[in-house]
**Student:** 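Before we start, here is the structure in question, set down as structure tokens.
Predicted model, so just to flag it, every value in this text is computed and none were measured. FYI, side chains are in, hydrogens and waters are out, and symmetry mates aren't considered; it's all heavy atoms of this structure. Below, read A as the first sequence line, B as the second, and so on, with proteins coming before strands; counting in each chain starts at 1.
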Amino acid sequence: MRWSHYFIPTLREDPADAEVISHRLLLRAGYIRQLGAGIYSLLPLGWRVAQRAMKVVREEMDAIGGQEFFLPAIHPAEVWKESGRWEVMGETMFRLRDRKGADMCLGMTHEEVFTTIARHEIRSYKQLPQVWYQIQTKFRDEERPKSGLMRLRQFIMKDAYSFDVDKAGLDRAFEDQREAYKKIFDRCGIKYHIVEASSGAMGGSESNEFMARTSAGEDFIAVCDACGYAGNLEKATSRIAQVEDEAGPAAPEAFPTPGVRTIEDLTTFPGGAAADRQVKTLVYLATDGATREQYAVLALLRGDHQLHEVKLADSLGASEVRPAHPEEIRDLLGASAGSLGGVGARDRATAAKQKLRIVADSALEGRRAMTTGANKDEHHLRGVDVERDIRPDSWADLRTVSAGEACPNCEGGTLDVFKAMEIGHIFKLGTKYSESMGARVLTQEGKEAPIVMGSYGIGVERILSAAVEQSHDADGIVWPRAIAPFDVVVTVTNVKQQEITDAGERLYAELRRAGLEVLLDDRDERAGVKFKDADLIGIPFRLTVGKKVTDGKVELFDRATKQSEDVSIDGVVALVQTRALSGL
RNA sequence: CGGGGCGUGGCUCAGCCUGGUAGAGCGCUCGGUUCGGGACCGAGAGGUCGGAGGUUCGAAUCCUCUCGCCCCGACCA
């Protein structure tokens with residue numbers, strides 16, 4: 001391509017609306033333009049990068065036997081009603097009506113459509129396994145689109161689905177995808193961690209997220225520095241030192257605690273207790289995932305621990321949990337936050353004619369002689385034995401892991417906690433969709449069984465933003481070679497000097513003949529402007545054609561290292577070819 | 001959805017509080033000088049001040065409504 005006629009609208013100044021680095025650079029370097037909140041146009045450079053990323057994705061999907069489809073982006077409501085997700089997806093789904101008044105929606109994902117195909121066409125175990133995928137535009141009316149390409153309302157996704165007769169087949173398919181994903185992100189030059197994650201609205205038993213570390217990320221993940229264990233904070237656990245309690249009294253005893261509102265207050269209150277010897281009591285309202293019934297929950301944690309709401313929701317099978325309002329707490333327990341406790345809470349809830357569930361964090365197991373609120377304002381109880389006096393309905397991991405805690409998976413490792421963005425997610429769906437939508441096959445034994453499914457997604461735009469987040473400097477983007485829009489830019493320092501222009505043209509032609517994607521900067525601009533622009537848009541290599549052509553030399557500049565070297569024109573094509581294409 | 005902020009030439013922003021002929025820098029066009037890290041001089045083009053209504057002799061500026069965008073939180077495959 002000739003820069004003089006190629007559309008690369010670079011901006012000298014930072015766009016005002018862009019906050020995160022990838023958004024700023026993609027905008028400034030002329031890769032994207034915004035159309036609306038969470039809706040972006042990919043300009044020629046941006047589309048090139050997206051296409052190269054998709055090429056990598058296709059190659060790795062095909063390598064594990066994936067078959068590419070192209071499914072509709074607009075769906076009749078029926079299939080979503082069958083799976084039950086017409087309601088579940090709520091406001092996030094873009095909905096519309098056709099001229100006959102029939103409900104339609106824009107596809108957020110394609111489990112329903114692929115399952116529809118599978119149930120019509122797949123009858124026998126002999127037709128399995130299948131691995132189907134597509135690269136499609138998805139629509140999600142996110143409550144808060146943000147950060148450029150990171151959270152979009154319209155985006156491109158590679159979504160793959162596996163269909164197997166049994167769990168073992170699913171395990172294999174899942175493992176294949178996992179390996180393929182590793183190759184994809186490795187090739188795209190993105191550093192990532194594979195974490196265990198909560199399956200959320202997708203359902204299913206197991207899921208792994210591929211997370212790219214960046215301060216612009218929306219999730220926190222915990223990663224072990226020794227063994228590589230990694231978990232989304234929604235799922236991550238850690239090992240903490242056990243606290244040994246002395247024997248407590250035969251029954252809890254109440255004592256007045258005027259002015260005490262917080263765990264912290266009680267640690268310094270005379271006759272109080274250290275935070276790790278207190279039981280923190282949080283009141284939540286949960287909505288059951290299946291029945292939609294709402295009920296109250298007491299979440300019990302050690303005083304110095306933080307609740308993770310997703311863990312709470314997961315442990316309850318709730319679709320939604322929220323902290324109870326002050327009035328709701330008082331109605332339920334007869335006291336205000338700061339004096340709440342699990343002892344006798346069940347009786348109070350019964351008296352208030354409310355359903356209550358008590359969930360305790362596993363760090364509380366076996367604990368006794370604890371201190372907690374008395375459900376009477378400014379009073380607490382000491383000598384509480386959690387099991388004996390509170391009798392929780394269930395025990396679960398509710399605690400938020402924090403940095404510096406010990407790895408649950410190895411000896412001696414320490415967890416680090418940092419922000420990351422989700423770039424891929426693989427799920428073992430099991431039979432959730434095949435059962436609700438009736439996709440069944442006859443097994444070898446002649447029995448009918450639901451197809452066992454998996455679902456595997458990669459956000460294409462997120463590959464771009466993750467790459468830019470992880471690979472840039474003060475001058476601009478530094479593209480990983482596999483997804484750079486061009487392999488090399490040939491910068492003609494002065495188009496008014498014939499011998500320089502001629503040399504540039506010759507190199508441009510030869511490099512292209514050598515199979516490289518080449519951008520020729522033939523603009524009538526000063527050299528400085530061209531260098532700045534080339535750095536900004538982030539092409540991995542720059543060949544500067546200038547005065548030295550008279551000595552048969554050009555300059556090869558490596559964008560990543562910023563090293564440049566004079567090389568002879570004769571050998572330069574082969575040199576660039578090996579450097580630009582090696583290891584891709 | 002709660003909180004905060006912002007809409008003024010293509011871009012970044014000033015002007016608004018205290019109403020009175022719409023500004024700057026960058027970019028763009030033309031001419032000249034320059035020419036290896038975002039040049040300089042000169043001459044130009046370009047704006048219904050997001051939209052609607054209102055107050056006023058007069059509104060970018062004050063009031064009301066509305067649309068859009070950004071950020072924080074909640075939420076989230």
Side-chain angles (χ1 to χ4, degrees), chain A residues 9-20 23-24 27-28 30 33-40 85 88-93 107-111 138 140-148 150-153 155 157-161 197-204 207-211 216-219 232 234 309-310 313 319-323 421-429 432 454-459 462 474-476 491-497 500 521 523-536 542 544-549 554-555 557 562 564 566:
Chain A
T10 58
L11 264 22
R12 188 176 293 222
E13 287 170 273
D14 262 337
D17 280 346
E19 193 84 358
V20 304
H23 188 197
R24 286 215 303 266
L27 228 32
R28 268 195 67 200
R33 284 296 182 264
Q34 182 173 29
L35 185 60
I39 307 175
Y40 282 81
R85 292 206 294 180
V88 175
M89 290 309 186
E91 301 268 82
T92 309
M93 182 180 260
M108 310 172 60
T109 171
H110 285 74
E111 279 79 8
K138 310 283 182 183
R140 296 182 191 176
D141 195 359
E142 294 285 352
E143 288 180 56
R144 196 180 149 213
K146 63 174 176 178
S147 306
M150 288 181 55
R151 179 160 292 266
L152 295 166
R153 293 198 293 171
F155 58 96
M157 186 180 202
K158 183 288 299 181
D159 49 321
Y161 304 83
S198 168
S199 300
M202 289 298 305
S207 93
N208 282 176
E209 286 173 328
F210 286 72
M211 307 294 293
E218 305 179 286
D219 291 297
N232 192 306
E234 297 170 356
E309 292 188 1
V310 175
S319 62
E320 194 187 328
V321 296
R322 66 156 173 91
M421 71 184 282
E422 180 184 350
I423 48 178
H425 203 157
I426 56 180
F427 294 91
K428 290 186 181 176
L429 294 176
K432 173 176 163 136
S455 139
Y456 317 93
I458 290 179
R462 284 189 173 183
D475 293 315
T491 300
V492 176
T493 57
N494 191 332
V495 295
K496 295 202 178 80
Q497 292 185 28
I500 293 178
D521 194 349
R523 295 175 298 168
D524 183 9
E525 288 286 353
R526 299 165 63 86
V529 171
K530 296 187 175 192
F531 295 154
K532 288 287 187 191
D533 271 343
D535 287 351
L536 217 210
R542 184 182 81 212
T544 309
V545 183
K547 289 184 184 126
K548 293 172 205 155
V549 292
V554 291
E555 198 174 291
F557 176 81
K562 291 191 157 168
S564 60
D566 289 342

**Student:** If we take the C1' atom in both B:A60 and B:C13, what is their distance in whole Å?
**Tutor:** 15 Å

**Student:** Partner lookup for B:A24, please. Criteria are Watson-Crick or G-U wobble with both distances under 3.5 angstrom; report none if nothing qualifies.
**Tutor:** B:U12

**Student:** Looking only at atom P, what distance separates B:C30 and B:A45, rounded to whole Å?
**Tutor:** 15 Å

**Student:** Rounded at 0.5 Å granularity, tell me how far CE in A:M89 sits from CG in A:D141.
**Tutor:** 13.5 Å

**Student:** What integer number of Å spans the P atoms of B:A22 and B:G9?
**Tutor:** 15 Å

**Student:** Please report the distance separating the C1' of B:C70 from the corresponding atom of B:G50, rounded so that it comes out in whole Å.
**Tutor:** 15 Å

**Student:** Would you indicate what A:E422 reaches in the nucleic acid, counting non-hydrogen atoms under 4.0 angstrom: base, sugar-phosphate, or nothing?
**Tutor:** sugar-phosphate

**Student:** Any base atoms under 4.0 Å from A:R140, or only sugar-phosphate, or nothing? Heavy atoms, all strands.
**Tutor:** base

**Student:** Considering heavy-atom distances to RNA chain B, does A:H110 or A:E19 have its closest nucleotide positioned more toward the 5' end?
**Tutor:** A:E19

**Student:** Quickly work out the A:D17 CG to B:G7 C1' distance and round it to whole Å.
**Tutor:** 9 Å

**Student:** Across all strands, who's sitting opposite B:C1 as a Watson-Crick or G-U wobble pair, both distances under 3.5 Å?
**Tutor:** B:G73

**Student:** Given the P atoms of B:C1 and B:G20, what is the spacing between them in whole Å?
**Tutor:** 37 Å

**Student:** Determine the contact category for A:T544: base if any of its heavy atoms lies under 4.0 Å from a base atom, sugar-phosphate if only primed atoms, P, OP1 or OP2 are that close, otherwise nothing.
**Tutor:** base

**Student:** Distance check, C1' atoms only: B:G7 and B:C16, in whole angstrom units.
**Tutor:** 13 Å

**Student:** Can you tell me how far CE of A:M421 sits from CZ of A:R462, rounded to the nearest 0.5 angstrom?
**Tutor:** 5.0 Å

**Student:** May I ask you to verify if any side-chain N or O of A:K530 is less than 4.0 angstrom from the OP1 or OP2 atom of B:G36?
**Tutor:** no

**Student:** What's A:G546 touching, base or sugar-phosphate or nothing? Going by heavy atoms closer than 4.0 Å.
**Tutor:** base

**Student:** Examine B:G27: is either OP1 or OP2 under 4.0 Å from a nitrogen or oxygen in the side chain of A:R12? Give yes or no.
**Tutor:** yes

**Student:** Check step by step if side chain to side chain contact (heavy atoms under 4.5 Å, CB included) holds for A:D475 and A:K562.
**Tutor:** CA-CA 11 Å; A:D475 293 315; A:K562 291 191 157 168; 2.5 Å; yes

**Student:** Would you indicate what A:S564 reaches in the nucleic acid, counting non-hydrogen atoms under 4.0 angstrom: base, sugar-phosphate, or nothing?
**Tutor:** nothing

**Student:** Could you tell me whether A:R542 contacts a base, only the sugar-phosphate backbone, or nothing, with contacts defined as non-hydrogen atoms closer than 4.0 Å?
**Tutor:** base

**Student:** Side-chain donor or acceptor of A:R144 under 3.5 Å from a matching atom on the base of B:G2?
**Tutor:** no

**Student:** When the C1' atoms of B:G38 and B:G27 are considered, how many whole Å apart are they?
**Tutor:** 12 Å

**Student:** If we take the P atom in both B:A24 and B:C41, what is their distance in whole Å?
**Tutor:** 16 Å

**Student:** In whole Å, what is the span from the CG atom of A:L536 to the P atom of B:C11?
**Tutor:** 17 Å

**Student:** Is the shortest distance from a Lys or Arg side-chain nitrogen in A:K432 or A:E111 to a carboxylate oxygen in the other one below 4.0 Å?
**Tutor:** no

**Student:** Between A:R28 and A:D14 (side chain of the first, backbone of the second, donor and acceptor by atom type, cut-off under 3.5 Å), is there such a pair?
**Tutor:** no

**Student:** Under 4.0 Å, heavy atoms only, any strand: does A:P9 hit a base, just the sugar-phosphate, or nothing?
**Tutor:** nothing

**Student:** Considering only heavy atoms and no angle criterion, is a donor-acceptor pair shorter than 3.5 Å present between the side chain of A:D533 and the base of B:G38?
**Tutor:** yes

**Student:** Do A:E13 side-chain and B:G25 base share a donor-acceptor contact under 3.5 Å?
**Tutor:** yes

**Student:** How many whole angstroms separate atom CZ of A:R526 from atom C1' of B:C35?
**Tutor:** 5 Å

**Student:** Just N and O in the side chain of A:Q34: are any of them under 4.0 Å from OP1 or OP2 of B:C70?
**Tutor:** yes

**Student:** Evaluate side chain to side chain donor-acceptor pair (under 3.5 Å) for A:H110 paired with A:K138, printing each intermediate quantity in order.
**Tutor:** CA-CA 9 Å; A:H110 285 74; A:K138 310 283 182 183; 2.5 Å; yes

**Student:** Please state how far atom CE in A:M93 lies from atom P in B:C76, giving the value in whole angstrom units.
**Tutor:** 16 Å

**Student:** What distance separates A:R33 CZ from A:L11 CG, expressed to the nearest 0.5 Å?
**Tutor:** 5.0 Å

**Student:** Please tell me which of A:G38 and A:D475 maps to the more 5' nucleotide of RNA chain B, matching each residue to the nucleotide holding its nearest heavy atom.
**Tutor:** A:D475

**Student:** Atom CZ of A:F557 to atom P of B:G37: distance rounded to whole Å?
**Tutor:** 13 Å

**Student:** Which base sits across from B:A39 as a Watson-Crick or G-U pair, both distances under 3.5 Å?
**Tutor:** B:U33

**Student:** Paired with B:G7: which nucleotide, if any, by Watson-Crick or G-U wobble criteria at under 3.5 Å for both distances?
**Tutor:** B:C67

**Student:** Nearest whole angstrom, please: distance from the C1' of B:C75 to the CD of A:E142.
**Tutor:** 9 Å

**Student:** What is the base-pairing partner of B:A59, counting Watson-Crick and G-U wobble geometry with both distances under 3.5 Å?
**Tutor:** none

**Student:** Pick base, sugar-phosphate or nothing for A:R28, based on heavy-atom distances below 4.0 Å to the nucleic acid.
**Tutor:** base

**Student:** Classify the nucleic acid contact of A:E91 as base, sugar-phosphate or nothing, counting any heavy atom under 4.0 Å across all strands shown.
**Tutor:** nothing

**Student:** Rounded to the nearest Å, what distance is computed from the CG atom of residue A:L11 to the C1' atom of nucleotide B:C13?
**Tutor:** 14 Å

**Student:** Working to the nearest 0.5 angstrom, can you tell me the gap between A:N232 CG and A:D219 CG?
**Tutor:** 5.0 Å

**Student:** Look at all strands and tell whether A:D14 reaches a base, only sugar-phosphate, or nothing, counting heavy atoms closer than 4.0 Å.
**Tutor:** sugar-phosphate

**Student:** Atom NZ of A:K146 to atom C1' of B:C75: distance rounded to whole Å?
**Tutor:** 10 Å

